[in-house]
Amino acid sequence: MALRGVKVVELAGLAPGPFCGMVLADFGAQVVRVDRPGAVGDVSRLSRGKRSLAVDLKRPRGAALVRRLCARADVLLEPFRHGVMEKLQLGPETLQKENPRLIYARLSGFGQSGRLATVAGHDINYLALSGVLSRLGRSGENPSPPLNLLADFGGGGLMCALGIVMALFERTRSGKGQVIDASMVEGAAYLSSFLWKTQNLGLWDQPRGKNLLDGGAPFYTTYRTADGEFMAVGALEPQFYKLLVKGLGLESENLPPQMSVAEWPEMRKKFAAAFARKTKAEWCRVFDRTDACVTPVLTFEEVAHHPHNKERGSFVTDGEQGVSPRPAPLLSGTPALPSLERDPLIGEHTEEVLREFGFSQEEIDQLYSDKVIVGNKLRASL
């Protein structure tokens with residue numbers, strides 16, 4: 001795989017950090033998750049392909065253990081607010097002095113500088129500060145975030161993974177690591193570059209929820225079907241819009257011009273009435289494999305069984321029969337091969353990892369005795 005041989009030390013966190021580490025693991029990196037003893041595990045369920053080492057970082061010898069791991073690692077991924085790692089004597093100056101090739105990835109909400117660097121927050125706060133949240137939501141309603149996907153996972157975890165891969169590539173030329181300051185605020189803002197770059201094109205002149213691409217256009221929105229399900233419509237271009245109107249059984253001459261914004265509410269009523277006459281399955285048969293840009297809104301229960309997704313193998317089933325998306329994008333020569341094993345238990349690989357990083361059995365036994373590390377091996381019941 002593309003990241004084969006890359007050693008990553010991931011300090012356990014919530015959502016964005018585990019996702020970033022999972023992306024690296026899916027594409028071949030050897031990811032060791034450093035967990036807190038007594039923790040319940042990765043509540044985000046994003047530990048596919050990782051191994052778990054349980055270490056008490058509040059003990060000086062625990063922090064020293066992680067320093068020793070980082071001396072042999074390629075990447076350190078840490079999810080804390082500014083200053084936390086420095087208090088543990090695990091800041092980039094310390095670790096990169098011992099390992100100049102180390103890529104030190106810092107994934108946080110507000111970044112490593114600025115007045116909010118030490119303040120708590122969540123996806124909705126980062127999205128709000130990025131400006132993106134002001135653009136999201138229906139007309140006349142409060143701004144509404146699309147779950148916690150944009151800042152946590154898009155602007156956070158994925159941007160950080162991109163930064164790590166770029167730093168790994170640059171290291172092939174310089175031989176040196178660097179520090180990555182991945183701010184979820186800035187990552188979410190960067191994702192919205194299209195909105196910034198098109199402000200003078202008239203795409204966002206109307207209030208929120210009344211523009212071409214934010215649900216305002218009747219040909220770029222969703223509609224309820226006769227069985228209470230939904231269809232998604234994205235017929236922007238005139239030729240696609242024409243096919244939409246034809247599929248709905250409407251006549252163009254009985255509709256206002258497509259781009260007559262003032263008459264969009266009336267057009268929406270006619271489209272809604274048409275969609276309400278058939279079930280989702282019936283509309284699928286009408287629009288399947290046409291260029292009308294009309295697709296069913298699939299539930300999580302339906303999506304893996306959709307013919308297109310099945311033909312591409314877009315979803316995988318793990319050993320516990322859990323379904324999840326296959327890693328993307330597809331690489332023709334070195335495709336990702338996600339692990340289908342269960343997620344690791346807290347401390348399941350403690351001894352295994354420490355031996356790989358050069359710890360002797362005597363050292364490991366002493367760390368156990370001093371309660372610096374914890375193990376958790378499954379034992380068969382016979």
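Heavy atoms only: backbone and side chains are in, while hydrogens, waters and symmetry mates are out.
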Open item on the list: With ring-ring contact (aromatic ring centres under 6.0 Å, His included) as the rule and sequence neighbours excluded, what pairs involving residues 59-116 come up?
Closed with: Phe110-Tyr126
Task: Geometric class of the Phe271/Tyr223 ring pair [parallel <30°, tilted 30-60°, perpendicular >60°] - done: perpendicular
- [ ] Could you tell me which residues satisfy side-chain hydrogen bond (donor to acceptor under 3.5 Å, both in side chains) with Glu302, sequence neighbours excluded, listed by chain and number?
- [x] Lys280, Thr299
Task: salt bridge (charged side-chain N to carboxylate O under 4.0 Å, His left out) between Glu362 and Arg355, worked out - done: CA-CA 11 Å; Glu362 182 180 357; Arg355 282 195 295 268; over 6 Å; no
Open item on the list: Looking at Leu250, is its backbone amide N or carbonyl O close enough to the side chain of Asn254 to form a donor-acceptor pair, meaning the two atoms are under 3.5 Å apart?
Closed with: no
Task: Arg48 and Asp26 ion-paired at < 4.0 Å - done: yes
TODO: Could you tell me whether Lys97 and Glu93 make a salt bridge, using a distance below 4.0 angstrom between a side-chain N and a carboxylate O?
DONE: no
Task: From CA spacing to verdict: side chain to side chain contact (heavy atoms under 4.5 Å, CB included), Leu354, Leu69 - done: CA-CA 8 Å; Leu354 291 181; Leu69 296 182; 4.3 Å; yes
TODO: Mark yes or no for whether Asn99, through its side chain, and Ala73, through its backbone, hold a donor-acceptor pair below 3.5 Å.
DONE: yes
TODO: Determine, step by step, whether Leu191 and Met159 satisfy the side chain to side chain contact (heavy atoms under 4.5 Å, CB included) criterion, reporting the C-alpha distance in whole Å, the side-chain angles of both residues, the deciding distance to 0.1 Å, and the verdict.
DONE: CA-CA 9 Å; Leu191 282 176; Met159 285 293 186; 3.9 Å; yes
Open item on the list: So does Arg135 get a backbone contact from the side chain of Asp214, meaning a donor-acceptor N/O pair under 3.5 Å?
Closed with: no
Open item on the list: Any heavy-atom pair between the side chains of Gln239 and Asp291 that's under 4.5 Å?
Closed with: no
- [ ] Calculate, to the nearest 0.5 Å, the distance between atoms NE2 and CD belonging to His308 and Glu311 respectively.
- [x] 7.5 Å
Open item on the list: Within the structure provided, determine whether Leu248 and Arg277 are in side-chain contact (heavy-atom separation under 4.5 Å).
Closed with: no
- [ ] Report the C-alpha distance between Leu76 and Met85 in whole Å, list the side-chain angles of each, state the deciding distance to 0.1 Å, and finish with yes or no for side chain to side chain contact (heavy atoms under 4.5 Å, CB included).
- [x] CA-CA 11 Å; Leu76 172 69; Met85 292 293 280; 3.8 Å; yes
Open item on the list: Any heavy-atom pair between the side chains of Leu90 and Val66 that's under 4.5 Å?
Closed with: yes
TODO: Let me see the working for Trp196 and Ser192 under side chain to side chain donor-acceptor pair (under 3.5 Å), right down to the final yes or no.
DONE: CA-CA 7 Å; Trp196 290 88; Ser192 73; 3.2 Å; yes
Task: Polar side chain donor-acceptor pair, Thr225 to Trp283, under 3.5 angstrom - done: no
- [ ] With rounding to the nearest 0.5 Å, note down the distance linking OG in Ser139 to CZ in Arg208.
- [x] 8.0 Å
Task: Side chain proximity check, Asp318 to Glu341, heavy atoms < 4.5 angstrom - done: no
Open item on the list: Strictly distance-based, threshold 3.5 Å: is any side-chain N or O of Lys371 a donor or acceptor partner for the main-chain N or O of Leu367?
Closed with: no
Task: Cationic N near anionic O, under 4.0 Å, Glu263 to Lys270 - done: no
Task: salt_bridge(Arg224, Glu229) N-O dist < 4.0 Å - done: no
TODO: Only counting residues at least two apart or in another chain, list the ones meeting side-chain hydrogen bond (donor to acceptor under 3.5 Å, both in side chains) with Thr317.
DONE: none
Task: CZ on Arg33 to NE2 on His349, rounded to 0.5 Å - done: 9.5 Å
- [ ] Verify the neighbour count for atom CZ of Arg268: are there more than 12 heavy atoms of other residues, nucleotides or ligands below 6.0 Å?
- [x] yes
Task: Pairwise distance CZ(Phe357) to CG(Leu65) - rounded to 0.5 angstrom - done: 10.0 Å
Open item on the list: With a 4.5 Å cut-off on side-chain heavy atoms, are Arg326 and Phe315 touching?
Closed with: no
Task: Pair listing, ring-ring contact (aromatic ring centres under 6.0 Å, His included) test, anchored in residues 131-170, at least two apart - done: Phe19-Phe153
Task: Audit row: Asp42, Ser47, side chain to side chain donor-acceptor pair (under 3.5 Å) steps and yes/no - done: CA-CA 7 Å; Asp42 178 15; Ser47 287; 2.9 Å; yes
Open item on the list: Are the side chains of Tyr220 and Leu236 in contact, using a 4.5 Å heavy-atom criterion?
Closed with: yes
- [ ] Compare every heavy atom of Val55 with every heavy atom of Pro37, then report the nearest pair and how far apart it is.
- [x] CD-O, 3.2 Å
Open item on the list: Using a 3.5 Å distance criterion without hydrogens, assess whether the side chain of Thr198 forms a donor-acceptor pair with backbone atoms of Leu201.
Closed with: no
Open item on the list: What I want to find out is whether Arg342 reaches Glu348 closely enough, with some N-O distance under 4.0 Å, to be called a salt bridge.
Closed with: yes
Task: Pairing of Arg61 and Asp56 as salt bridge, 4.0 angstrom limit - done: no
Task: Verdict with supporting geometry, Leu150 and Val132, side chain to side chain contact (heavy atoms under 4.5 Å, CB included) - done: CA-CA 9 Å; Leu150 283 185; Val132 177; 4.1 Å; yes
Task: Arg59 atom CZ, neighbour heavy-atom count above 12 within 6.0 Å - done: yes
Task: Main-chain N/O of Trp204 paired with Gln199 side-chain donor or acceptor, under 3.5 Å - done: no
Open item on the list: If you compare all heavy atoms of Val374 against all heavy atoms of Tyr368, which two are closest, and at what distance to 0.1 Å?
Closed with: C-CE2, 3.8 Å
Task: Any donor-acceptor N/O pair, Arg101 side chain to Arg72 backbone, under 3.5 Å - done: no
Task: Distance (rounded to the nearest 0.5 Å) between Ile373 CD1 and Thr350 OG1 - done: 6.0 Å
Open item on the list: Suppose we screen for salt bridge (charged side-chain N to carboxylate O under 4.0 Å, His left out). Which residues come up paired with Arg68, at least two apart in sequence or across chains?
Closed with: Glu363
- [ ] Please answer whether the main-chain N or O of Trp264 pairs with a side-chain N or O of Lys269 as donor and acceptor at a distance below 3.5 Å.
- [x] no
TODO: Check Asp152 against Asp123 and note the closest heavy-atom contact, atom names and distance.
DONE: N-OD2, 2.8 Å
TODO: First locate atom CE of Met184, then atom NE2 of His122, and finally report the distance between them rounded to the nearest 0.5 Å.
DONE: 10.0 Å
Open item on the list: If I compare all heavy atoms of Ala336 with all of Pro327, which pair ends up nearest, and what's the gap?
Closed with: CB-CB, 3.7 Å
- [ ] Please report the shortest heavy-atom distance between Leu57 and Gly62, naming the atom on each side.
- [x] CD2-O, 3.9 Å
TODO: Please answer whether the main-chain N or O of Phe287 pairs with a side-chain N or O of Thr290 as donor and acceptor at a distance below 3.5 Å.
DONE: yes
Task: Flag side-chain contact, heavy atom, 4.5 Å: Lys278 against Arg285 - done: no
Open item on the list: Donor-acceptor pair, distance only, cut-off 3.5 Å: does the side chain of Ser144 make one with the backbone of Gly137?
Closed with: no
Task: For Val303 against Asn309, the heavy-atom pair lying closest together - done: O-ND2, 2.8 Å
Task: side-chain hydrogen bond (donor to acceptor under 3.5 Å, both in side chains) against Ser174, all qualifying residues, sequence neighbours excluded - done: Glu170
TODO: Would you mind reporting whether Val34 and Val9 have side-chain heavy atoms less than 4.5 Å apart?
DONE: yes
